[in-house]
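For reference, the structure discussed in these notes is given below.
Everything quoted here is computed from the prediction, not taken from an experiment.
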Amino acid sequence: MERNSQLHRQVALMRQSLFDQGYLDEQFVQLEELQDDANPNFVEEVVTLYYRDSARLIASIEQALDKSPLDFNKLDSYMHQFKGSSSSIGGRKVKAECTQFREYCRAGNGEGCIRTFQQVKREYATLRKKLETYFQLARQAGPRDSASRST
């Protein structure tokens, strides 16, 4: 029982650190509010879909950045989708980098796009690693007892 309690405390601290460090925003909380006993893995499933969608978008952006001349409208469209996906799970830092990339697209700044895309990918990889660790620990901790949940 004590070990389970410690794990739940670790999960709560890890979750809070994701907010404190700016990786997640309020949208993640809204996702959590949609999770219930009927669908206890809802947030993790949504985030897994985000990973799948993101891999496709990142590949599309990489291909578009390899073309010459750059099609800024297409790049902006791909990044708009990526930003929306990131926003839907509360990926605050990824979303901010996507915004910067889109500004470079609008300015027709290819170097800025390339440089910022590297930062987008770094923030995405960091967020993914942190969330995977968080969900792994949450699975180890298991569900909280109903009696301990605040209503």
Side-chain angles (χ1 to χ4, degrees), residues 6-144 150:
Q6 284 180 323
L7 281 174
H8 283 289
R9 242 189 326 277
Q10 278 183 284
V11 169
L13 288 171
M14 183 181 286
R15 179 186 174 280
Q16 187 58 48
S17 76
L18 292 170
F19 287 93
D20 293 346
Q21 295 170 19
Y23 290 104
L24 295 176
D25 65 20
E26 188 62 29
Q27 183 60 36
F28 190 81
V29 174
Q30 291 178 7
L31 273 181
E32 288 177 320
E33 289 172 356
L34 295 173
Q35 185 166 289
D36 58 20
D37 293 339
N39 197 351
N41 300 318
F42 177 76
V43 176
E44 188 172 4
E45 290 168 7
V46 169
V47 170
T48 300
L49 291 172
Y50 165 70
Y51 297 154
R52 199 172 312 145
D53 193 44
S54 297
R56 179 186 57 80
L57 288 168
I58 287 170
S60 295
I61 293 166
E62 285 174 337
Q63 288 175 350
L65 284 171
D66 284 342
K67 296 214 165 87
S68 186
L70 292 176
D71 183 341
F72 290 107
N73 288 329
K74 185 181 276 189
L75 284 166
D76 186 57
S77 176
Y78 287 142
M79 193 54 76
H80 178 73
Q81 291 174 55
F82 189 51
K83 180 182 175 185
S85 294
S86 299
S87 180
S88 73
I89 66 146
R92 184 173 171 217
K93 287 186 177 187
V94 176
K95 184 175 79 171
E97 292 300 329
C98 290
T99 298
Q100 183 63 54
F101 182 97
R102 294 189 70 207
E103 288 174 13
Y104 283 127
C105 283
R106 285 189 212 107
N109 183 337
E111 285 302 312
C113 286
I114 291 166
R115 193 174 52 253
T116 305
F117 184 56
Q118 296 310 311
Q119 188 61 29
V120 167
K121 290 194 301 185
R122 273 192 294 277
E123 291 296 347
Y124 168 76
T126 301
L127 177 64
R128 182 172 178 159
K129 184 176 182 204
K130 287 181 177 292
L131 284 175
E132 285 173 348
T133 302
Y134 168 74
F135 288 127
Q136 182 180 18
L137 188 62
R139 282 192 304 275
Q140 286 175 1
R144 284 196 169 274
S150 57

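Taking 4.5 Å as the limit, every side-chain heavy atom of S86 sits out of range of all side-chain heavy atoms of Y124. Between V120 and I58 there is no side-chain heavy-atom pair separated by less than 4.5 Å. Between R9 and Q6 there is a side-chain heavy-atom pair separated by less than 4.5 Å. At least one side-chain heavy atom of V29 sits under 4.5 Å from a side-chain heavy atom of R15. With a 4.5 Å cut-off on side-chain heavy atoms, Q21 and K130 count as touching. By the 4.5 Å heavy-atom criterion applied to side chains, E26 and F19 are not counted as neighbours. Counting only heavy atoms from C-beta outward, the side chains of R56 and Q81 approach each other to under 4.5 Å. The side-chain heavy atoms of L49 and R52, taken from C-beta on, include a pair separated by under 4.5 Å.
Qualifying side-chain hydrogen bond (donor to acceptor under 3.5 Å, both in side chains) partners for Q35, counting only residues two or more places apart in sequence or in other chains: none.
In this structure, OG in S77 is found 8.5 Å from CZ in R102, a value given to the nearest 0.5 Å. Considering CZ of R122 and OG1 of T116, their distance stands at 10.0 Å, rounded to 0.5 Å. Interatomic distance, D25 CG to S87 OG, rounded to the nearest 0.5 Å: 6.5 Å. Here OG1 of T99 is found 9.0 Å from CD of E97. Values are rounded to the nearest 0.5 Å. We find the CG-CD distance between D76 and E103 to be 10.5 Å, quoted to the nearest 0.5 Å. Interatomic distance, C113 SG to Y104 OH, rounded to the nearest 0.5 Å: 9.0 Å.
Across all non-hydrogen atoms, the minimal contact from L70 to G110 is CD1-CA, 3.5 Å. Across all their heavy atoms, L7 and L137 have their closest contact at CD2-CD1, 3.7 Å. Heavy atoms only, all atoms of each residue included: L127 and G91 are closest at CD2-CA, 3.9 Å. The minimum heavy-atom distance between I89 and L24, with the atom names listed, is O-CD2, 4.1 Å. Residues F101 and I61 approach most closely at CZ-CG2, 4.2 Å, considering heavy atoms. H8 and A141 get closest at one heavy-atom pair: NE2-O, 3.2 Å.
The number of heavy atoms from other shown groups lying within 6.0 Å of NZ (K121) is above 12.
The aromatic rings of F135 and F28 sit tilted relative to each other, their planes meeting at an angle between 30° and 60°.
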Exercise for review: Let me see the working for Y134 and V47 under side chain to side chain contact (heavy atoms under 4.5 Å, CB included), right down to the final yes or no.
Suggested key: CA-CA 12 Å; Y134 168 74; V47 170; over 6 Å; no
Exercise for review: For side chain to side chain contact (heavy atoms under 4.5 Å, CB included), just list the numbers for L131 and L18, CA-CA rounded to whole Å, side-chain angles, deciding distance to a tenth of an Å, and then say yes or no.
Suggested key: CA-CA 9 Å; L131 284 175; L18 292 170; 4.0 Å; yes
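At a cut-off of 3.5 Å, with distance as the only test, a side-chain donor of D20 or Q16 sits close to an acceptor on the other residue.
Ion pairing between a basic and an acidic side chain is recognised when a charged N comes within 4.0 Å of a carboxylate O; R128 and E132 show such pairing.
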